[in-house]
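For ligands, and for the atoms within them, numbers begin at 1 and follow the listed sequence.
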Amino acid sequence: AVQAAVVKYDWTVDYLSAAPDCVERLIIAINGQFPSPTIQAVQGDTVVVNLKNNLPTEGVTIHWHGISQKGTPFSDGAAFVSQCPINPGEIFTYKFVVDKSGTYFYHGHFGMQRAAGLFGSLIVSLPPGEKEPFSYDGEFSLLLSDWYHQSIYLQELGLSSIPFEFVGEPQSLLIQGRGKYNCSLDLCPVGSPDCLQCNASANAACAAPFVLPVQPGKTYRLRLGSAAILSSLNFIIENHNMTVVEADSHYVEPFVVDNLDIYSGQSYSVLITANQEPTRNYWVGLNVRGRLPATPTGLAVLQYLPSNSSSGLLLPPTPAPQSPVWNDFAVSVAQAEKYAAKTGLAYSAPPAKSHRLLIFLNTQNTIDGHIRWAINNISYVPTATPVLAAFKFKLWKAFDQTPPPDRPPPSDNHLDIYATPNANSSHARYGNGVYVFKLGEVVDVVIQNTNTLNPNNSEIHSWHLHGHSFWVLGYGKGVFDPQTDPAQRYNLVNPPLRNTVAVFPYGWVAIRFIADNPGAWPFHCHIEPHFFMGMGTVFAEGIHNLPHIPSQTLGCGLTKPNW
Ligand SMILES: O=C1O[C@H]([C@@H](O)CO)C(O)=C1O
């Protein structure tokens, strides 16, 4: 057998002034790179990242999105859940095993730092001698993101202010960190200190799109991941179909699409074959779906070799590719429902029954005049003490000891999910209680969407669970009925395993997982402003079986050293 290796990285987190879409702004970067460096490892390897925080005045953490962290819950990188933020000048060593091949990424998990550009790819290949259940001649990795010109500090201020100021639609869409802002859209008043000026002449000269060079006739694996802050993205390649083979590091039964929905926090592999007219190149496009788009298509170029590379990059002669209309949610639901696990291999079907059902009513509320998101009327506020350490050291004063409700509270039992909530009669409150599961408990969570504070509006949310993959059992419209929906709408034969799933407007989605990973794991909307506004909670499991917790995770809240 091949010995598993230790893959080591020395990283420094710094501010960087850069212009990924031709407009200069402040980025949080690792080793001066945007996107941050790619991690390449082999299944079974131990990844060690020595992370030095060189930001002069703020803490930082990095979350390894999709990595199970079995036995290392303290390396999950969720601020105030798995660790204290790493202070300026300090070094934190993340150490974890990558136990499953596939396409992952990592990102900042403190405040809105992901929105400052703190993200990169993490690719885990199969051990030597093992083969993917599909073949390809080459691969590309594309991290997708939406991009804002406003600083994350002003964004955070707006989200927590009265009156509320939302981040709004992004200025650009980036493919592997590259985009091109349309200066004619610039709404910044000249001289405004709060927004960046668009320099049209500098802009015209800058930023070549990302290029994917392909040989005619060959097949390529595109590894895609969305680090988006707000947008539901749609990825499309002119004239080329894509065969979806992997979702969130798990193989899926292959199916063909001509456009792919990617919700924030999800990753995919698709296969494309360079089988089109080879004398020209083709646009790779990224569009916003699910919200009224106000952002131009993000573009990269699929370049046919060798003829189209000799005299510089030949831009495609065609307009930017269009995605399905933003509010055709039926199209999105239909695509989401196409996913089925590729059975055999390492796949196991879910247990036939769960021990516990949580129904999570997602609402947008006001609390003391602030716009907040809540789950069963609790809007999550991080504690000063990491939840994991609170359990390990029995620091019960660290968080609310009353567990949050498994079901929507009785006051909302007959909630009309289509009605606009009355902001003045909100039952929501701030909280930091956690759900506690017994080791091995089989848990179902049904995420129930509702109308926002705006009439006739319900938004897509992209729910991500740390420390686990879960089975996506089914989707439905309207109000989930625990009596009939499981029998009628659940797939228990080959539901896909994922770590991030979308809940669609006025609908629900049901997931199942086994609480078999001792630790404290955030479960939250991956839309960064939504989590910032309270849309999440923490699942604690196997709390009597927690491993030793390294002291480097401590030092804040009730874990301050007692000199
Ligand atoms: O969280 C959000 O706040 C705004 C709006 O709903 C405010 O009412 C919006 O579009 C969000 O996604």
Side-chain angles (χ1 to χ4, degrees), residues 111-112 114-115 145-150 152-171 173 187 226-234 261-265 287-295 326-327 329 332 360-382 415-430 447-464 500-507 509 523-537:
M112 300 260 296
R114 193 177 88 234
S145 54
D146 49 9
W147 194 245
Y148 291 83
H149 292 165
Q150 193 179 45
I152 61 167
Y153 312 103
L154 281 170
Q155 291 182 333
E156 290 172 352
L157 178 62
L159 295 173
S160 46
S161 289
I162 302 174
F164 175 78
E165 252 184 77
F166 195 53
V167 300
E169 295 306 311
Q171 278 65 61
L173 298 174
L187 300 175
S226 172
I229 297 315
L230 175 68
S231 309
S232 299
L233 299 174
N234 185 264
D261 286 326
I262 308 182
Y263 302 96
S264 176
N287 291 305
V288 170
R289 295 202 68 225
R291 302 178 65 100
L292 180 64
T295 314
W326 71 274
N327 58 355
F329 294 108
S332 301
F360 275 13
L361 188 70
N362 290 198
T363 54
Q364 196 185 40
N365 310 85
T366 52
I367 305 180
D368 303 336
H370 295 275
I371 297 188
R372 300 283 302 182
W373 292 93
I375 305 309
N376 295 348
N377 274 339
I378 309 287
S379 183
Y380 191 78
V381 182
L415 185 113
D416 178 356
I417 64 161
Y418 299 96
T420 311
N422 180 347
N424 300 318
S425 64
S426 164
H427 301 283
R429 60 181 180 84
Y430 296 117
I447 301 158
Q448 174 72 60
N449 212 340
T450 64
N451 202 102
T452 65
L453 290 167
N454 304 312
N456 304 312
N457 176 245
S458 181
E459 298 178 355
I460 293 173
H461 300 284
S462 190
W463 278 85
H464 172 56
T500 307
V501 73
V503 61
F504 294 101
Y506 304 111
V509 61
F523 180 52
H524 64 94
C525 179
H526 205 260
I527 293 174
E528 187 118 293
H530 289 181
F531 186 39
F532 189 82
M533 294 161 72
M535 196 168 206
T537 187

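- Put simply, the side chain of Glu528 gets close to the backbone of Ala115: a donor and an acceptor are under 3.5 Å apart.
- Nearest protein heavy-atom neighbour of atom 2 (C) of ligand 1: Phe166 CE1, 3.3 Å.
- Proximity annotation for atom 6 (O) of ligand 1: of Met533, Met535, Gln364, Gln364 comes nearest, heavy atoms only.
- Close contacts between ligand 1 and Phe164 involve ligand atoms 3 (O), 7 (C) [criterion: under 4.0 Å to a heavy atom].
- Polar contact check, Asn457 against ligand 1: no nitrogen or oxygen pair lies under 3.5 Å apart.
- When the options Asn454, Thr452, Leu453 are ranked by their closest heavy atom to atom 8 (O) of ligand 1, first place goes to Asn454.
- Arg291 NH2, 2.6 Å is the protein heavy atom nearest to atom 10 (O) of ligand 1.
- Closest to atom 9 (C) of ligand 1, if we only count protein heavy atoms, is Glu459 OE2, 3.3 Å.
- With rounding to the nearest 0.5 angstrom, the CZ atom of Phe531 is 9.0 Å from the CH2 atom of Trp463.
- The CZ atom of Arg372 sits 11.5 Å away from the CD1 atom of Ile378 when rounded to the nearest 0.5 Å.
- Every residue meeting the side-chain contact (heavy atoms from CB on, under 4.5 Å) condition with Asn234, not counting sequence neighbours, appears here in chain and number order: Ile236, Asn259, Asp261, Arg289, Ser323, Pro324.
- Listed by number with element, the atoms of ligand 1 under 4.0 Å from a non-hydrogen atom of His530 are 1 (O), 2 (C), 11 (C), 12 (O).
- Residues Ile371 and Thr366 come closest through the heavy atom pair CG1-CG2, 4.3 Å.
- Considering only heavy atoms from C-beta on, Trp147 stays 4.5 Å or farther from Leu173 through its side chain.
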